[in-house]
Amino acid sequence: MRITVVEHGADAGLGFFAGWLAGAGVGCEVVRPYLGETVPERADDGLIVLGGEAAAWEDERYPWLPATRDLIRGSVEGGVPTLGICLGAQLMTLACGGSVERGEHGLEVGAREIVPLPEAGADALFAGLGPAPAVQYHGDAMTRLPEGAVRLATGDPYPNQAYRLGEKAWAVQFHPEATAEIFAGWAGDSADHLTALGHSAEELAMQVKEAEERLAGTWRPLAERFAAVVRSA
């Protein structure tokens with residue numbers, strides 16, 4: 001079993017998920033279209049679409065996005081286990097008929113709490129999850145979910161933090177894969193921008209570092225459960 005992974009930037013890789021998925025008996029084949037690699041037309045065993053700096057509609061700046069949306073749409077319709085993370089979640093939302101817009105509340109960044117909804121209780125990935133920290137770094141928001149989507153988690157200020165579409169496709173606005181080191185890189189690279197918005201890159205990175213053990217304990221089961229869905233499919 002091998003999961004096709006679409007990576008949108010060298011600084012936004014699988015992070016924790018690389019080890020967690022391998023430990024759960026599932027390999028990954030990473031496609032890097034920003035290096036000129038071709039997004040495949042189909043993913044056979046499973047699909048993960050990672051985050052990145054693009055907006056989900058910026059096709060001219062990031063010319064592989066239409067092919068990625070096509071891949072997501074085909075995977076969802078074909079019952080291929082699919083997980084969209086941050087940008088990947090927004091691409092799933094657009095690909096499947098929802099809406100993504102600039103977030104009216106601005107940037108959501110750092111270790112922020114998400115809260116599961118009652119529908120999460122019977123979900124294959126989210127069952128048993130309580131309020132938990134999650135790494136956030138996004139300024140766009142999923143404002144209208146695709147028809148038939150089941151909302152699984154919410155948060156403040158953005159209510160659409162996770163949903164399931166069909167039986168085997170999930171979208172999460174946050175970054176369950178992000179290590180403290182990965183987040184520190186993001187914050188450091190955009191320190192001036194964060195400062196202009198009233199944030200401290202150093203304080204945000206420390207916040208995530210202090211939460212890392214809890215982050216790993218919370219999101220490792222989600223990765224392992226996704227691997228189980230892939231194996232069973």
Side-chain angles (χ1 to χ4, degrees), residues 1-52 64 68 71-72 74-76 78-89 91-92 111 114 120 123-129 132-137 152-153 162 164-186 208-209 211-233:
M1 291 290 176
R2 298 193 69 79
I3 297 172
T4 299
V5 177
V6 180
E7 180 184 281
H8 298 285
D11 63 345
L14 277 167
F16 279 132
F17 270 41
W20 293 345
L21 293 171
V26 176
C28 292
E29 182 175 353
V30 181
V31 180
R32 298 176 173 88
Y34 61 95
L35 297 180
E37 298 176 3
T38 301
V39 174
E41 293 183 0
R42 58 178 293 173
D44 292 327
D45 297 330
L47 173 65
I48 294 176
V49 181
L50 295 168
W64 62 86
T68 304
L71 174 62
I72 293 171
S75 297
V76 173
V80 176
T82 301
L83 176 62
I85 293 173
C86 199
L87 172 59
L91 289 167
M92 182 186 298
I114 67 157
D123 184 74
L125 301 194
F126 281 82
L129 178 72
V135 171
Q136 299 277 10
Y137 206 124
L152 299 172
R164 185 183 70 249
L165 193 57
E167 295 301 318
K168 297 178 183 175
W170 291 266
V172 296
Q173 180 58 79
F174 50 92
H175 286 276
E177 86 295 354
T179 64
E181 182 179 5
I182 286 174
F183 180 84
W186 297 341
V208 172
K209 180 64 176 177
E212 187 169 39
E213 184 174 350
R214 190 176 174 205
L215 289 165
T218 299
W219 301 117
R220 180 170 187 158
L222 181 141
E224 293 172 341
R225 290 173 178 181
F226 184 70
V229 173
V230 171
R231 293 197 311 269
S232 66

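All residue numbers in this chain count up from 1 along the given sequence. Every heavy atom of this structure was used, including side-chain atoms; hydrogens, water molecules and symmetry mates were not. Bear in mind the structure is a predicted one, so any value in this text is a computation, not a measurement.
Counting heavy-atom neighbours within 6.0 Å of Glu29 CD, excluding the residue itself, gives a total of 12 or less.
Looking at heavy atoms from C-beta onward, Val26 lies in side-chain contact with Arg231 at the 4.5 angstrom threshold. Phe17 places none of its side-chain heavy atoms less than 4.5 Å from the side chain of Cys28. With contacts defined as side-chain heavy-atom distances shorter than 4.5 Å, the pair Leu14/Leu50 qualifies. Looking at heavy atoms from C-beta onward, Trp219 lies out of side-chain contact with Phe16 at the 4.5 angstrom threshold. Between Ile48 and Ile85 the shortest side-chain heavy-atom distance falls below 4.5 Å. Between Leu21 and Ile3 the shortest side-chain heavy-atom distance falls below 4.5 Å.
Residue pairs satisfying the side-chain hydrogen bond (donor to acceptor under 3.5 Å, both in side chains) criterion with at least one member in residues 39-52, sequence neighbours excluded, are listed as follows: Arg42-Asp44. Counting only residues at least two apart or in different chains, side-chain hydrogen bond (donor to acceptor under 3.5 Å, both in side chains) contacts with residues 176-186 comprise His175-Glu177.
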Could you walk me through whether Ile72 and Val49 pass the side-chain contact (heavy atoms from CB on, under 4.5 Å) check? CA-CA 8 Å; Ile72 293 171; Val49 181; 3.8 Å; yes

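Residue Leu47 forms a side-chain contact (heavy atoms from CB on, under 4.5 Å) with just one option from Val230, Val76, Thr4, and that option is Thr4.
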Can you give the donor-acceptor pairs under 3.5 Å from side chains of residues 221-229 to other protein atoms, not counting sequence neighbours?
{"unit_1": "Glu224", "atom_1": "OE2", "unit_2": "Arg220", "atom_2": "NE", "d": "2.9"}
{"unit_1": "Arg225", "atom_1": "NH1", "unit_2": "Leu125", "atom_2": "O", "d": "3.0"}
{"unit_1": "Arg225", "atom_1": "NH1", "unit_2": "Ala127", "atom_2": "O", "d": "2.7"}
{"unit_1": "Arg225", "atom_1": "NH2", "unit_2": "Ala127", "atom_2": "O", "d": "3.2"}

Please output the side-chain donor-acceptor pairs of residues 166-173 that fall under 3.5 Å, not counting sequence neighbours, one pair per line with the distance.
{"unit_1": "Trp170", "atom_1": "NE1", "unit_2": "Asp123", "atom_2": "OD1", "d": "3.1"}
{"unit_1": "Trp170", "atom_1": "NE1", "unit_2": "Asp123", "atom_2": "OD2", "d": "3.1"}
{"unit_1": "Gln173", "atom_1": "OE1", "unit_2": "Gln90", "atom_2": "NE2", "d": "3.2"}

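Of all heavy-atom pairs between Leu87 and Gly52, the closest is CB-N, 3.7 Å. Counting all heavy atoms, side chain and backbone alike, Ile114 lies closest to Ala134 at CG2-CB, 4.1 Å. Of all non-hydrogen atoms in Ala43 and Leu71, the two that sit nearest each other are N-CD1, 3.6 Å.
Partners of Trp64 by side chain to side chain donor-acceptor pair (under 3.5 Å), not counting sequence neighbours, listed by chain and number: His8. Listed by chain and residue number, Glu7 satisfy the side chain to side chain donor-acceptor pair (under 3.5 Å) test with Arg32 (two or more places apart in sequence, or in another chain).
With Thr82 contributing its side chain and Val80 its backbone, the two residues share a donor-acceptor pair below 3.5 Å.
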